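Heads up: the structure comes next, in structure tokens.
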Amino acid sequence: MAMLDIAINLEFEKTNNDTEPYDNILTKITTEIEDALGVNSVDHEKRK
């Protein structure tokens, strides 16, 4: 739950600061979580 709070706060701050490094970290963490859960982001995008 804490990771979601961090991610949400970073998304809000993205418009105010240069957050590319944080965005890269969030992307990496998200990919690792999806891999661990067996969720593929490509499949998720197709369902939209």
Side-chain angles (χ1 to χ4, degrees):
M1 203 59 164
M3 288 177 56
L4 292 175
D5 290 337
I6 292 169
I8 289 170
N9 285 331
L10 289 174
E11 285 298 318
F12 284 132
E13 291 296 323
K14 186 184 280 188
T15 58
N16 298 329
N17 299 311
D18 177 22
T19 59
E20 186 176 349
Y22 299 108
D23 191 39
N24 293 340
I25 291 170
L26 285 175
T27 302
K28 182 179 178 184
I29 291 171
T30 302
T31 302
E32 289 178 8
I33 292 170
E34 289 175 345
D35 289 345
L37 295 174
V39 178
N40 188 341
S41 61
V42 174
D43 291 339
H44 179 69
E45 292 296 323
K46 288 180 182 177
R47 287 187 230 154
K48 285 185 176 181

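All residue numbers refer to positions in the sequence shown, counting from 1. None of the values given here were measured: they were computed from a predicted structure.
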ILVMFWY network linking I33 to L10, side-chain heavy atoms under 4.5 angstrom: no

Could you tabulate the donor-acceptor pairs under 3.5 Å formed by side-chain atoms of residues 21-29, not counting sequence neighbours?
from: N24; atom 1: ND2; to: E20; atom 2: O; distance (Å): 3.4
from: T27; atom 1: OG1; to: D23; atom 2: O; distance (Å): 2.9

Using side chain to side chain contact (heavy atoms under 4.5 Å, CB included) as the criterion, list what pairs up with L4, not counting sequence neighbours. M1

Share the residues that join I8 in a hydrophobic cluster, the rule being Ile, Leu, Val, Met, Phe, Trp or Tyr side chains under 4.5 Å apart at the heavy-atom level. F12

